[in-house]
Amino acid sequence: MKKIMFSDKYCLTQAVLNGTKTMTRRLLKDNVSLGNWEETQKHLPYKVGEIVAIAQSYHTLNKSGYTAPEWLDHVCESSAGYENKMFVRADLMPHHIRITDVKVERLQDISDEDILREGVWQFYDNKKLFYVSKNIGYAPDVAFPSAREAFWYLIDKVSGRGTWESNPWVVVYSFELVD
């Protein structure tokens, strides 16, 4: 089984788990050709229908009350995956998504509807501002006058400064939470 990581710094793992994030964009690797869709798909990490584990550190799972296998209690704190979800085993993750669609497009071709599926949100009583959540600093949310500006901020924070402006090719994965 494969795993996928979402930014905890910008609360994206939590957005996936609560069902408000149902889409993710990943930079297309340079060695992937765009000429033939069937050939392109062979080089993408996730396929339609595939079940993928949502990576969470063992420490995060422990705090959330996840009941891990007994042997894991003895190795967690000494393992690399205790604080860093990059090193966790996919088969030990309790939450999974199913990939429902895959497409390739330029980053700035994103629609406002898709921006809201990416983790940008609005309050129901104030439709004039768009928000990005964060787990750092004094303000837990950052507000923007448009969905595009909010996503621009988010993608540059998650993928690196200048990502939005460079308008790279991205793989767009739509997904649903399985458990």
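Since the model is a prediction, treat every value here as computed from it, not as a measurement. If you read the sequence from its start, that first residue is 1, and numbering goes on from there.
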Using a 4.5 Å cut-off on heavy atoms from C-beta on, say whether the side chain of [Y] contacts that of [X].
X: Asn135; Y: Gln14; value: no
X: Pro45; Y: Tyr173; value: yes
X: Leu28; Y: Pro168; value: no
X: Val170; Y: Glu105; value: yes
X: Leu154; Y: Phe144; value: no
X: Val88; Y: Leu61; value: no

Taking all non-hydrogen atoms of both residues into account, name the closest pair between [X] and [Y] and its distance.
X: Ser57; Y: Thr60; answer: OG-OG1, 2.8 Å
X: Gly162; Y: Asp156; answer: N-OD2, 3.4 Å
X: Ala147; Y: Phe130; answer: N-CD1, 3.3 Å
X: Thr24; Y: Phe175; answer: N-CE2, 3.8 Å
X: Lys103; Y: Asp114; answer: NZ-OD2, 4.0 Å
X: Lys85; Y: Thr13; answer: NZ-OG1, 3.1 Å

Enter the distance from [X]:[atom1] to [Y]:[atom2] here, rounded to the nearest 0.5 Å.
X: Leu116; Y: Ser111; atom1: CG; atom2: OG; result: 8.5 Å
X: Asn18; Y: Cys11; atom1: CG; atom2: SG; result: 10.0 Å
X: Gln122; Y: Tyr131; atom1: CD; atom2: OH; result: 9.0 Å
X: Ile155; Y: Trp164; atom1: CD1; atom2: CH2; result: 8.5 Å
X: Ile115; Y: Trp121; atom1: CD1; atom2: CH2; result: 15.5 Å

Can you establish whether the number of heavy atoms outside Lys47 located under 6.0 Å from its atom NZ is more than 12?
yes
Other residues, nucleotides and ligands only: do more than 12 of their heavy atoms fall within 6.0 Å of NZ on Lys2?
yes
[X] side chain to [Y] main-chain N or O, any donor-acceptor pair under 3.5 Å?
X: His95; Y: Asp179; value: yes
X: Arg148; Y: Gln108; value: yes
X: Tyr46; Y: Lys3; value: yes
X: Lys42; Y: Leu44; value: no
X: Lys134; Y: Tyr10; value: no
X: Glu118; Y: Arg25; value: yes

If hydrophobic clusters are built by linking Ile, Leu, Val, Met, Phe, Trp and Tyr wherever their side-chain heavy atoms come under 4.5 Å apart, do [X] and [Y] end up in the same one?
X: Leu177; Y: Val102; result: yes
X: Leu17; Y: Met23; result: yes
X: Met5; Y: Val52; result: no

Does the cation-pi check pass for Arg26 over Phe6, that is, NZ or CZ under 6.0 Å from the six-membered ring centre and within 45° of its axis?
yes
Among Ile51, Thr22, Ile54, Val178, find the residue that satisfies the side-chain contact (heavy atoms from CB on, under 4.5 Å) test when tested with Ile97.
Ile54
Verdict with supporting geometry, Ile110 and Phe151, side chain to side chain contact (heavy atoms under 4.5 Å, CB included)
CA-CA 9 Å; Ile110 189 170; Phe151 185 70; 3.9 Å; yes
Arg106 vs Trp169, side chain to side chain contact (heavy atoms under 4.5 Å, CB included): CA-CA, chis, key distance, verdict
CA-CA 4 Å; Arg106 288 284 191 180; Trp169 286 99; 3.1 Å; yes
Chi angles and distances behind the side chain to side chain donor-acceptor pair (under 3.5 Å) call for Lys157, Ser7:
CA-CA 10 Å; Lys157 292 295 184 181; Ser7 171; over 6 Å; no
I'd like to know if Arg98 pairs up with Glu50 as an ion pair, taking the criterion as any Lys NZ or Arg NE/NH1/NH2 lying under 4.0 Å from an Asp or Glu carboxylate oxygen.
no
Set out, in order, the CA-CA distance, both residues' side-chain angles and the distance that settles side chain to side chain contact (heavy atoms under 4.5 Å, CB included) for Tyr153 and Val120, then state yes or no.
CA-CA 10 Å; Tyr153 170 86; Val120 170; over 6 Å; no
Pair Met93-Tyr58, side chain to side chain contact (heavy atoms under 4.5 Å, CB included): steps then yes or no
CA-CA 9 Å; Met93 297 296 101; Tyr58 298 133; 3.8 Å; yes
